[in-house]
Amino acid sequence: MRITFLLCFFLITTASKAQYQTQLDLANNFTDGNYTVYRNDQGKLDKVAKLWPISIVRTGNVIDKIIVKRAGVVDEEYIPDIKEAPGYFFYEDYRLVFTSSLILCYKQRGSGYEVGEFEIAFEFINDSGSKPIKFDQAKEYLVAYRKATLANQSSSREVISKNKEAAELKEREEHSLKGKTIKSLSFKAVDVPSNIGHFQKIEFGVIATLQNGKELKTKNIGGKTDFEFSYDISAPGCSFANGVLEVGGDASLFPNDEIVITIKNLHNLSQSIQQKILLTYNTPIFINSTGGSGNAGSAGSNGSGNVCSGKPGSNGQIGQDGKNYMIKFTETKHKKTGAKLYAAEIVRVGESTVFKIKIDPTTQVNINTSGGKGGSGGSGGGVGAYVSCKNGGYKGGNGGDGGMGGRGGNIMLTKTDKNIPTSVLVINNKGGDGGQGGSGGSGASSGSNGRAGTEGKVDITVSGFTFSWQ
């Protein structure tokens with residue numbers, strides 16, 4: 001049987017009926033086969049000489065995908081927008097819909113409530129006397145169909161969503177530790193770097209072994225068990241989410257220079273294991289508090305009416321200053337290995353946050369507290385449009401000046417011994433660049449570029465102190 005397939009839309013005479021039928025019902029009128037194709041040739045229907053094979057892949061009454069062999073050569077797989085209640089099938093920017101007698105292929109812009117938002121690409125027609133339809137009729141049909149489909153899908157989506165939530169809850173229950181007798185718990189490393197310092201991430205999974213030997217693995221190691229519904233994970237000084245642990249910036253919470261991870265059965269808190277991971281403190285640290293850029297100046301208005309000259313652009317704003325820091329810096333030793341470390345307390349002036357860090361002598365603490373860039377000056381307005389303005393020697397407005405860059409942050413560094421090197425502290429506290437001057441209107445001057453901000457100061461003093469946590 002030969003079937004002609006219109007890549008895009010159906011007969012307008014069937015629209016009122018089709019818009020109330022689902023795509024799954026309408027698709028029952030179509031089978032695999034070779035389809036005659038009509039394409040959009042600069043707004044006109046052009047019959048393609050070669051038949052295009054089309055396959056409709058089904059699982060029961062559900063359509064998994066529609067395979068269109070474009071030009072009989074290239075496979076294009078159209079998949080449903082909602083598998084259980086499709087409104088259309090899509091491949092890249094193209095969409096397919098079934099009608100009682102045609103299949104339409106089109107592109108859609110916007111919500112699909114206006115005729116102008118549709119572009120018909122192809123029409124496929126079956127051989128039961130159907131004929132291609134004009135593009136404007138097809139577009140009108142699509143608008144009506146789209147509205148009906150959205151109304152129908154709103155209730156379908158709600159049912160699908162509830163069913164999905166129920167299925168997910170059932171799966172979580174089945175694979176959680178709830179109501180099960182657990183023989184043992186074990187830690188499974190996924191991504192545990194050999195070098196671990198502040199702000200590093202560690203990924204691990206957990207395996208729960210039942211009395212019968214069956215293993216329940218967390219999702220990140222190939223299982224189906226959710227951390228949230230089965231485990232209580234704690235690690236002082238770290239944050240944890242979905243199997244990923246991030247080391248915090250407070251070394252006082254690692255008294256033995258190691259991470260201590262406690263994993264508890266959420267449904268039997270007395271059952272737990274611990275995993276300890278050594279902190280090497282040899283990963284670089286980045287602390288950023290660069291000043292924000294100044295706002296750009298606004299453009300001047302053009303001359304108008306009796307005022308022929310353009311208005312000047314406004315000046316760009318000054319960039320914000322970098323933050324000031326107080327740093328205490330001393331030498332210490334690793335509690336487990338005895339290796340030399342440096343310990344530091346880093347405080348942004350005027351803020352309560354304190355970084356208490358340790359770092360290996362071969363690694364760096366990068367502190368970026370440069371000033372913000374000055375805002376660009378606004379461009380000057382142009383001369384008025386009247387002939388008298390153009391010929392009267394009038395000029396446009398001058399461009400606004402660029403804003404000055406912000407000052408770099410000041411660093412007040414105290415160390416316990418003058419011989420302790422501070423090369424591990426890499427400080428960028430340069431002044432921000434000045435903003436660019438705005439361009440002048442016709443015959444007017446451009447604004448001046450803003451000056452760069454001044455570099456922040458670094459003051460180093462030597463004074464004895466000890467950290468209670470080092």
Before you tell me yes or no, could you show the steps for Trp52 and Lys69 under side-chain contact (heavy atoms from CB on, under 4.5 Å), namely the whole-Å CA-CA distance, both residues' side-chain angles and the distance that decides it to 0.1 Å? CA-CA 6 Å; Trp52 290 12; Lys69 191 174 285 292; 5.7 Å; no
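- Across all non-hydrogen atoms, the minimal contact from Ala251 to Lys358 is CB-CG, 4.0 Å.
- The closest donor-acceptor contact from the side chain of Lys180 to the backbone of Glu174 lies under 3.5 Å.
- The line from NZ of Lys83 to CD1 of Ile63 is 11.0 Å long, rounded to the nearest 0.5 Å.
- A distance-only check finds no donor-acceptor pair linking the side chain of Ser370 to the backbone of Gly432 [under 3.5 Å].
- Nearest heavy atom pair, residue Asp401 against residue Asn315, reads N-OD1, 2.7 Å.
- Between Tyr91 and Tyr78, the two ring planes are tilted [angle within 30° to 60°].
- Side-chain atoms of Val247 and Phe254, non-hydrogen and from C-beta on, do get closer than 4.5 Å to each other.
- What you find for Gly205 and Asn220 is that their closest heavy atoms are CA-OD1, 3.6 Å.
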Between Glu258 and Leu279, is a side-chain contact (heavy atoms from CB on, under 4.5 Å) present by the stated rule, with each step listed? CA-CA 5 Å; Glu258 62 184 0; Leu279 284 163; 5.7 Å; no
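- Pro53 and Gly72 get closest at one heavy-atom pair: CD-CA, 3.9 Å.
- Contact of the Leu51 side chain with the Thr36 side chain is registered, since non-hydrogen atoms from C-beta on lie closer than 4.5 Å.
- A donor-acceptor contact closer than 3.5 angstrom is absent between the side chains of Asn195 and Thr283.
- For CD of Gln436, the number of neighbouring non-hydrogen atoms (other residues, nucleotides, ligands) closer than 6.0 Å is 12 at most.
- Within 6.0 Å of the NZ atom in Lys217, the count of heavy atoms belonging to other residues, nucleotides or ligands does not exceed 12.
- No side-chain donor from either of Asn302 and Ser304 sits under 3.5 Å from a side-chain acceptor of the other.
- You'll find the side chain of Val143 stays beyond 4.5 Å of the side chain of Glu114, heavy atoms only.
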Worked check of side-chain contact (heavy atoms from CB on, under 4.5 Å) between Tyr145 and Gln23: CA-CA 11 Å; Tyr145 172 79; Gln23 282 292 289; 2.7 Å; yes
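- Other residues, nucleotides and ligands place no more than 12 heavy atoms under 6.0 Å from the CD atom of Glu228.
- Within the 4.5 Å cutoff, the side chain of Asp226 has no heavy atoms near those of the Ser176 side chain.
- In summary, Glu117 and Arg146 do not engage in a salt bridge, as defined by a charged side-chain N under 4.0 Å from a carboxylate O.
- Smallest separation of non-hydrogen atoms from Ile277 and Ile196: CG2-CD1, 3.5 Å.
- A distance of 6.0 Å separates OG in Ser186 from CD1 in Ile273, rounded to the nearest 0.5 Å.
- Atom CZ in Phe199 sits 11.5 Å away from atom CZ in Phe286 (nearest 0.5 Å).
- Rounding to the nearest 0.5 Å gives a distance of 9.5 Å between CD of Gln364 and CG of Leu425.
- Under the 6.0 Å cut-off for aromatic ring centres, Phe355 and Tyr325 do not qualify, their centroids lying 6.0 Å or more apart.
- Side-chain atoms of Asp433 never come within 3.5 Å of backbone atoms of Ala452 as a donor-acceptor pair (strictly under, hydrogens ignored).
- Under a cutoff of 6.0 Å and an axis angle of 45°, Lys264 and Tyr231 do not form a cation-pi pair.
- Pairing each heavy atom of Arg348 with each of Ser289, the nearest pair is NE-CB, 3.6 Å.
- The shortest distance between side-chain heavy atoms of Ile182 and Asn268 does not fall below 4.5 Å.
- Under a cut-off of 6.0 angstrom, the local environment of CG in Asn242 is sparse, with at most 12 non-hydrogen atoms contributed by other residues, nucleotides or ligands.
- Ring geometry for Tyr281 against His198 counts as tilted: the plane angle lies between 30° and 60°, on a 0 to 90° scale.
- Judged purely by atom type and a 3.5 angstrom limit, Asp321 has no side-chain atom pairing as donor or acceptor with the backbone of Gly406.
- Atom NZ of Lys188 sits in a sparse spot, with 12 or fewer heavy atoms from other residues, nucleotides or ligands closer than 6.0 Å.
- A donor-acceptor pair is defined here as one N or O able to donate and one able to accept, closer than 3.5 Å; no such pair exists between the side chain of Asn282 and the backbone of Asp360.
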Under the criterion side-chain contact (heavy atoms from CB on, under 4.5 Å), I'd like the reasoning laid out for Ile56 against Asp32: C-alpha separation, chi angles, the key distance, then a yes or no. CA-CA 6 Å; Ile56 304 171; Asp32 296 351; 3.8 Å; yes
Could you check Glu76 against Arg70 for salt bridge (Lys or Arg N to Asp or Glu O under 4.0 Å), going step by step and ending with a plain yes or no? CA-CA 7 Å; Glu76 296 179 343; Arg70 180 182 284 261; 2.4 Å; yes
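- By the 4.5 Å heavy-atom criterion applied to side chains, Phe90 and Gln108 are not counted as neighbours.
- Side-chain atoms of Ser314 and Ser298 include a donor-acceptor pair closer than 3.5 Å.
- Phe240 CZ to Ile261 CD1: the interatomic distance, rounded to the nearest 0.5 Å, is 8.5 Å.
- Without hydrogens or angle criteria, Thr59 side chain to Val62 main chain gives no donor-acceptor distance under 3.5 Å.
- The CG atom of Leu253 sits 8.0 Å away from the NZ atom of Lys356 when rounded to the nearest 0.5 Å.
- In this structure, the side chains of Phe98 and Asn28 stay at 4.5 Å or more apart for every pair of heavy atoms.
- Residues Tyr94 and Leu96 are not in side-chain contact: their nearest non-hydrogen atoms beyond the backbone lie 4.5 Å or more apart.
- With Asn429 contributing its side chain and Gly409 its backbone, the two residues share a donor-acceptor pair below 3.5 Å.
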